[in-house]
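Written below as structure tokens is the structure these notes are about.
As the structure is a computational prediction, the values presented were derived from the model and not from experiment. Below, each value reflects all heavy atoms present in this structure, side chains not excepted, and no hydrogens, waters or symmetry copies. Naming convention: chains lettered A, B, ... in sequence-line order (proteins, then strands); numbering from 1 in each chain.
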Protein chains: 2
Amino acid sequence: MDIKQLQYFIAVAGQMNFSKAAEKLHISQPSLSNAIKKLEQEIGSPLLERNTRNLQLTEAGELLYERAKVILKNMEVLKIEMDEVIVRGTSEITIGIMESIKHWLPKVITEYKKEYPEMMIHLVDILGSKRVEKSLKSYKTHLIITNQIMDDEDLEVKCLYEERLVAVLPLNHPLAEKERLTIADLSEEPFIISTEGFQTRQDILDAFARADKNINIQFEIERFETAVSLVRENLGITILPENYLKGPTANTIVQKEIDCPNLRRNVYVVYLKNRHLPLAIRQLLTDIMAVGKTL
Amino acid sequence: MDIKQLQYFIAVAGQMNFSKAAEKLHISQPSLSNAIKKLEQEIGSPLLERNTRNLQLTEAGELLYERAKVILKNMEVLKIEMDEVIVRGTSEITIGIMESIKHWLPKVITEYKKEYPEMMIHLVDILGSKRVEKSLKSYKTHLIITNQIMDDEDLEVKCLYEERLVAVLPLNHPLAEKERLTIADLSEEPFIISTEGFQTRQDILDAFARADKNINIQFEIERFETAVSLVRENLGITILPENYLKGPTANTIVQKEIDCPNLRRNVYVVYLKNRHLPLAIRQLLTDIMAVGKTL
DNA sequence: TTAATCTATAGCTTTAAACTATAAATGGGA
DNA sequence: TCCCATTTATAGTTTAAAGCTATAGATTAA
């Protein structure tokens with residue numbers, strides 16, 4: 001029983017048709033028939049009930065199909081890992097990011113590039129917790145930086161830093177004059193919030209619920225940048241992570257601390273626990289993890 | 001990258017010697033050298049640092065070694081499962097048991113044999129919780145019947161029945177006359193108990209601890225039969241599951257209920273969650289699980 | 001330097017996996 | 001009912017690769 005035989009069998013069981021499976025495998029139909037026949041002899045039992053019209057898996061076939069899929073998946077992952085572990089002239093790394101880390105990630109990458117100039121870095125936007133999991137488990141991204149709270153035993157989650165969420169108001173907004181701002185103050189204002197699936201949306205809704213106040217949602221957005229534009233146009237107010245507001249944006253709106261100790265979020269770096277990360281990527285991970293201290 | 005190549009590499013990495021690995025694999029040394037060379041070409045990186053005196057794994061070699069071991073293990077398990085799923089004239093099943101189920105297991109097997117007369121049944125004694133886990137995970141036993149409390153996510157644990165633990169006294173023992181028996185009554189008596197690692201030992205010690213009473217251990221035994229013999233010879237008293245005492249033993253000692261609601265134990269059937277059990281074994285499992293209702 | 005030990009190379013043989021051509025089986029439609 | 005379309009199996013041949021033996025080359029210990 002070798003890998004090729006399992007691949008052939010998976011193709012037949014997947015297509016439920018020898019001829020089409022053979023085509024997909026780029027071999028002739030008789031070769032495939034022969035290969036399956038040999039596999040059945042080796043196992044000592046038929047795997048398929050053949051009929052010129054219908055194919056059907058036997059009990060043994062069903063079992064082999066389930067198990068072989070897992071083994072082939074492992075082989076695929078092995079190939080990916082072996083490719084990555086090889087020290088080549090140039091190598092690649094893919095990081096899933098969210099927009100609100102723009103204030104520190106470029107600096108970390110600049111430093112990293114001095115040590116590893118040959119590394120090609122892909123930055124991919126990842127939205128929502130399900131995509132975090134999927135992106136990592138399909139081996140598409142090496143690391144993901146997110147504020148999504150992940151609860152999956154296959155994932156390693158490291159907290160980078162904690163930051164406050166602050167109110168964002170248009171210039172000249174009445175609330176900007178107030179000494180102290182509470183959830184109650186924001187309750188009746190037209191509110192701009194992230195769409196379903198974003199952790200920040202949940203954090204904000206939780207804070208309003210705990211304060212037992214209503215929230216008057218008028219806009220749902222996917223990017224903080226959109227939220228800031230809407231605020232600037234006097235269409236509503238919002239709550240954003242304080243670090244996101246650093247930089248040129250700062251003078252175009254008013255940001256104000258809110259009297260609410262729970263209005264905070266954590267930023268994590270997440271990766272697959274069992275994935276082998278080559279040295280160059282482990283180094284970037286270390287650099288990223290150090291960012292919490294310098295912030 | 002196929003299974004054979006991985007096997008060859010594992011052999012070399014395990015022996016750290018091409019010639020000895022070749023011998024173990026029953027192929028010539030040049031064939032093995034060639035095979036590893038081809039594997040390295042395919043992967044695109046050396047797996048071993050060669051020296052006529054010392055071999056050493058490269059980083060890629062280390063990674064492949066770890067991953068390949070898992071894949072080969074999966075292949076082995078697959079072969080076992082495929083062998084078992086095939087309906088042959090005669091087939092085998094191995095059950096791990098403890099002695100204290102002799103009062104019902106033979107009956108279940110008698111009934112089962114009427115339906116599956118061709119099944120060969122191995123009964124193996126299993127002592128202690130670590131051995132339960134090991135025996136299942138090495139695919140040596142299909143099912144284990146035990147009172148050990150197992151906490152392992154790979155294992156499926158089904159409770160068959162609950163039974164009382166009762167005091168076992170020699171004939172004419174003064175305590176046999178008492179109307180009601182408590183832990184306190186047993187506290188100073190010379191006590192016979194199972195050795196470390198048995199659930200029943202823990203259950204008894206827990207009961208004494210909860211009652212805040214001393215236990216005067218004089219004998220440690222591995223089999224309940226031994227305990228009963230010692231009691232019969234007036235060397236001490238003990239506590240055993242009530243069902244164990246059914247049958248001819250019953251008249252040679254005195255058994256007495258103890259005023260202690262926690263002095264009970266559960267009997268479980270345990271098997272590997274992800275193992276494919278062929279129909280004939282699933283049927284026996286069903287028969288065993290039905291025993292709790294008839295008891 | 002030499003002997004011992006180990007891996008690599010060269011050239012040959014054998015095995016098995018692929019191909020093409022064709023036969024056999026089956027079910028649907030004329 | 002019979003024939004055709006579809007699909008899998010068989011036969012025979014070619015090609016590729018995996019194995020073998022013999023031997024060379026490299027390294028260390030004596």
Side-chain angles (χ1 to χ4, degrees), chain A residues 1-62 64-65 68 71-72 75 79 82, chain B residues 1-62 64-65 68 71-72 75 79 82:
Chain A
M1 234 189 314
D2 67 7
I3 293 296
K4 202 190 274 182
Q5 283 177 298
L6 296 184
Q7 281 173 329
Y8 286 6
F9 174 69
I10 289 292
V12 174
Q15 301 281 319
M16 279 312 208
N17 181 311
F18 276 71
S19 308
K20 280 173 197 157
E23 205 172 318
K24 223 175 174 180
L25 292 165
H26 305 295
I27 60 171
S28 69
Q29 168 268 314
S31 301
L32 181 57
S33 288
N34 236 332
I36 299 296
K37 191 178 160 195
K38 278 194 66 177
L39 181 60
E40 287 177 320
Q41 281 168 354
E42 192 180 329
I43 285 172
S45 150
L47 298 168
L48 298 134
E49 306 267 4
R50 289 139 167 100
N51 239 318
T52 45
R53 296 284 150 178
N54 312 318
L55 278 184
Q56 209 181 335
L57 289 177
T58 61
E59 191 191 345
E62 291 280 6
L64 184 64
Y65 188 50
I71 291 175
L72 292 182
M75 286 296 289
K79 277 174 205 158
M82 292 308 295
Chain B
M1 237 191 312
D2 68 6
I3 293 296
K4 201 189 273 182
Q5 283 176 299
L6 296 184
Q7 281 173 329
Y8 286 6
F9 174 70
I10 290 292
V12 174
Q15 301 281 318
M16 279 310 207
N17 181 311
F18 276 71
S19 308
K20 281 174 196 157
E23 206 173 318
K24 223 175 174 183
L25 292 165
H26 307 296
I27 60 171
S28 69
Q29 169 267 313
S31 300
L32 181 57
S33 287
N34 235 331
I36 299 295
K37 191 178 160 194
K38 278 194 64 175
L39 181 60
E40 287 176 320
Q41 281 168 353
E42 192 180 330
I43 286 172
S45 150
L47 298 168
L48 300 133
E49 306 268 2
R50 289 137 165 102
N51 238 317
T52 45
R53 294 287 149 176
N54 311 318
L55 278 184
Q56 210 181 334
L57 289 177
T58 61
E59 191 190 346
E62 292 280 4
L64 184 63
Y65 188 50
I71 292 175
L72 291 182
M75 286 296 289
K79 277 175 204 157
M82 293 308 294

Do the side chains of [Y] and [X] get nearer than 4.5 Å, heavy atoms only?
{"X": "Arg50(B)", "Y": "Leu55(B)", "value": "yes"}
{"X": "Met82(B)", "Y": "Leu64(A)", "value": "yes"}
{"X": "Lys24(A)", "Y": "Lys20(A)", "value": "no"}

Rounded interatomic separation in angstrom, taking [atom1] from [X] and [atom2] from [N]:
{"X": "His26(A)", "N": "dC19(C)", "atom1": "NE2", "atom2": "C1'", "result": "16 Å"}
{"X": "Glu49(A)", "N": "dT26(C)", "atom1": "CD", "atom2": "P", "result": "13 Å"}
{"X": "Phe9(A)", "N": "dT8(D)", "atom1": "CZ", "atom2": "C1'", "result": "16 Å"}
{"X": "Gln15(B)", "N": "dC6(C)", "atom1": "CD", "atom2": "P", "result": "12 Å"}
{"X": "Leu32(A)", "N": "dA9(D)", "atom1": "CG", "atom2": "P", "result": "9 Å"}
{"X": "Ile27(B)", "N": "dA18(D)", "atom1": "CD1", "atom2": "P", "result": "11 Å"}
{"X": "Leu48(A)", "N": "dA25(C)", "atom1": "CG", "atom2": "P", "result": "19 Å"}
{"X": "Asn17(B)", "N": "dT7(C)", "atom1": "CG", "atom2": "P", "result": "5 Å"}

Under 4.0 Å between a side-chain N/O of [X] and OP1 or OP2 of [N], yes or no?
{"X": "Ser19(B)", "N": "dT5(C)", "answer": "no"}
{"X": "Arg50(A)", "N": "dA9(D)", "answer": "yes"}
{"X": "Ser33(A)", "N": "dT10(D)", "answer": "no"}
{"X": "Ser28(A)", "N": "dC19(C)", "answer": "yes"}
{"X": "Lys37(A)", "N": "dT10(D)", "answer": "yes"}
{"X": "Lys4(A)", "N": "dA18(C)", "answer": "yes"}

Query raised in the report: Counting only heavy atoms not in Glu23(B), do more than 12 sit closer than 6.0 Å to its CD atom?
Result: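 No, the 6.0 Å shell around CD holds no more than 12 heavy atoms from other groups.
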Query - 5′-ward residue of the pair Asp2(A)/Ser31(B) relative to DNA chain C - result: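 Here Ser31(B) is the residue nearer the 5' end.
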**Report entry** Sugar-phosphate only, base, or nothing, as touched by Leu25(B) at under 4.0 Å among non-hydrogen atoms
**Finding:**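 Counting heavy atoms under 4.0 Å across all strands, no contact is made by Leu25(B).
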Which nucleotide sits closest to the side chain of [X]: [options]?
{"X": "Tyr8(A)", "options": "dA18(C), dC20(D), dA8(C)", "value": "dA18(C)"}
{"X": "Lys38(B)", "options": "dA9(D), dC6(C), dA17(D)", "value": "dA17(D)"}
{"X": "Gln29(A)", "options": "dA17(C), dA18(D), dT8(D)", "value": "dT8(D)"}

Query - 5' precedence on DNA chain D between Ala35(B) and Pro30(B) (nearest-nucleotide basis) - result: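 Looking at the nearest nucleotide for each, Ala35(B) comes out on the 5' side.
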Report task. Of all the heavy-atom pairs spanning Ala35(A) and Gln5(A), show the shortest one and how long it is. Result ->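 It is O-NE2, 4.3 Å.
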